[in-house]
Amino acid sequence: MKPLLSLTLIAAFAATLSGCVVAPNSGSVYSARQAQNEQTVRMATVESVREVTIDKGNSGTGTLSGAALGGLAGAAVGGGRGSIATGIVGAVAGGMIGNKVESDISKGKGVEITVRLDNGDLRAIVQDADEPFRAGERVRLLSDGRKTRVTH
């Protein structure tokens with residue numbers, strides 16, 4: 001029975017971690033549903049570039065999975081009534097660790113790109129920092145009506 005329990009816990013943990021996966025905010029990454037959709041293209045000149053942090057938020061998945069695994073691990077350590085106490089301590093510690101891990105995973109480097117459109121308007125777009133931009137260079141703004149991305 002114990003090998004089955006271990007496999008079940010591993011599968012539950014893997015499924016829980018898959019909830020931590022976050023979508024990119026890249027100028028170069030398209031989802032399947034974005035492919036083959038027409039976008040409006042505007043030309044602009046980069047005015048400034050500023051490093052920012054993109055926080056995609058916590059779903060609570062890290063806290064819950066950490067608490068569950070910590071509780072199970074703690075309960076396995078103690079014996080009798082001690083297993084309840086160590087299970088509680090393990091759940092609290094696991095929850096705190098899981099929350100920190102999810103928080104770290106959900107944050108990434110980004111850039112705020114301020115551009116001047118050819119008509120003189122200023123726009124600022126935030127996206128993942130996976131492509132370098134410099135003040136004075138010409139760029140394209142691709143917009144689908146909801147999202148705008150800056151590309152070379």
Worksheet item: Considering the options V139, T148, V111, T114, which one meets the side-chain contact (heavy atoms from CB on, under 4.5 Å) requirement together with I125?
Response: T148
Worksheet entry | For R42 against S143, the heavy-atom pair lying closest together | NH2-OG, 3.3 Å
Worksheet item: Out of curiosity, R149 CZ to Q127 CD, how far, rounded to the nearest 0.5 Å?
Response: 8.0 Å
Worksheet item: Shortest non-hydrogen contact from E47 to A135?
Response: O-CB, 3.5 Å
Worksheet entry | Where V49 and V46 come nearest, the two heavy atoms and their spacing | CG2-CG1, 3.7 Å
Worksheet entry | Interatomic distance, D128 atom CG to K109 atom NZ [nearest 0.5 angstrom] | 12.5 Å
Worksheet, complete the sentence: In short, A124 meets E112 closest at the heavy-atom pair CB-CG, 4.4 Å
Worksheet item: Is there side-chain contact between R140 and M43, with heavy atoms separated by less than 4.5 Å?
Response: yes
Discussion item. Nearest 0.5 Å, please: how far is CZ in R50 from CD1 in I113?
Written reply: 12.0 Å
Worksheet item: Are L122 and L141 grouped together when hydrophobic residues (ILVMFWY) are joined by side-chain heavy atoms under 4.5 angstrom apart?
Response: no
Worksheet item: So, are R138 and D118 salt-bridged, with charged N and O less than 4.0 Å apart?
Response: yes
Worksheet item: Rounded to the nearest 0.5 Å, how far does NZ of K147 lie from CG of L142?
Response: 13.5 Å
Item to complete: Measure from the side-chain N and O atoms of E131 to the backbone N and O of T151, and report whether any donor-acceptor pair falls under 3.5 Å.
Response: no
